[in-house]
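As a basis for the values below, the full set of heavy atoms in this structure was taken, side chains included, without hydrogen atoms, waters or symmetry mates. Both ligands and their constituent atoms are indexed starting at 1 by order of listing.
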Amino acid sequence: MSATDWLERWRQGRIGFHRQAPHPALMRYWPELALDPDAKVLVPLCGKSHDMRWLAARGNPVLGIELSPLAIEQFVSEGGQPALRYRQSGFECTRQGSIELWRGDFFHFHVEQAAELAGFYDRAALIALPPATRQRYAHHLAHLLLPGTRGLLITLTHDDPERGPPFSVTPDEVDRLLSPNFEVTLCAQAEPDAEGLQESVWRLRRRGPTD
Ligand SMILES: C[S@@+](CC[C@H](N)C(=O)[O-])C[C@H]1O[C@@H](n2cnc3c(N)ncnc32)[C@H](O)[C@@H]1O
């Protein structure tokens, strides 16, 4: 899907990926990452996910990156708190409490802006991208993060590799894309649901030059 397609989806309210509550796997596995209590967390392709509020409520400041201005406006209005707006490095940014939302393309987010990030959370980001872009995403994520940075990744498989989003990303592909730059550990794999979607939860740690 192109950027225009995503913007159109938000305009039409076709956001079946959006959950009404924090993801259970986030609540279950995030504490195991044992990040510093105030570690700032990157949430690529963040939508208006409640997961960001859950992270912020735990004490982790959040930096979410999202293409759609509507997603950000809806997040802010649902939050009900005052928001501050500013521009930074070509992104339109909105801060509400300890959550910063940067409106723009994740692939334009540069390493100089990522200096404070100590964790990351990907739910429905990698699997939102078509095969060729997933490689680029994995490289970009690794490029942004310092060695030792830890995060959670939630992926899905289904029976049609061509269909998406959500795209089916197999454990082999997770390994191929991410193992060169991350230690990758499978935390959990759910049973397939009624539609054959099977969710996996991964713990990742950015490798350093000597790992
Ligand atoms: C499947 S949704 C997942 C949203 C969120 N992670 C969640 O769990 O609800 C993918 C989101 O990524 C956004 N998106 C797609 N490509 C993007 C890009 N290159 N940069 C920033 N956001 C992007 C879309 O607008 C959409 O909101």
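E199 and H23 form a side-chain donor-acceptor contact under 3.5 Å, judged by distance and modelled atom types alone. If you check the side chains of W30 and N60, you find a donor sitting under 3.5 Å from an acceptor. Using modelled atom types, one finds no donor on one side chain facing an acceptor on the other under 3.5 Å when comparing Q74 with E78. In summary, the side chains of E8 and W6 do not present any donor paired with an acceptor at a separation below 3.5 Å, with no hydrogens or angles considered. T155 and W202 share a side-chain donor-acceptor pair at under 3.5 Å.
Of the polar atoms of W10, at least one N or O is found under 3.5 Å from an N or O of ligand 1, judged by distance alone. At least one N/O-N/O distance between L67 and ligand 1 falls below 3.5 Å. Distances between N or O atoms of F106 and those of ligand 1 include at least one value under 3.5 Å. The N/O atoms of H18, backbone and side chain alike, include none that comes under 3.5 Å of an N/O atom in ligand 1. Remark: ligand 1 and D51 share no N or O pair separated by less than 3.5 Å (distance only, no angle test). An N or O contact shorter than 3.5 Å is missing between F107 and ligand 1 by distance. Here's the thing with R123: one of its N/O atoms is less than 3.5 angstrom from an N/O atom of ligand 1.
The shortest contact between atom 19 (N) of ligand 1 and any protein heavy atom is with D105 OD1, 2.9 Å. At the top of the distance list for atom 14 (N) of ligand 1, counting protein heavy atoms only, stands L45 CG, 3.7 Å. Closest to atom 10 (C) of ligand 1, if we only count protein heavy atoms, is A124 O, 3.7 Å.
For atom 11 (C) of ligand 1, the nearest non-hydrogen atom from the set R103, M52, E66 comes from E66. Across P69, G16, C46, G104, heavy-atom proximity to atom 21 (C) of ligand 1 is greatest for G104.
Using cut-offs of 30° and 60° for the angle between ring planes, the F91 and W102 rings count as tilted.
Look at R103 and E66 and you find no salt bridge, because none of the NZ, NE, NH1 or NH2 atoms lies under 4.0 Å from a carboxylate O.
No more than 12 heavy atoms of other residues, nucleotides or ligands sit less than 6.0 Å from atom CD of E116.
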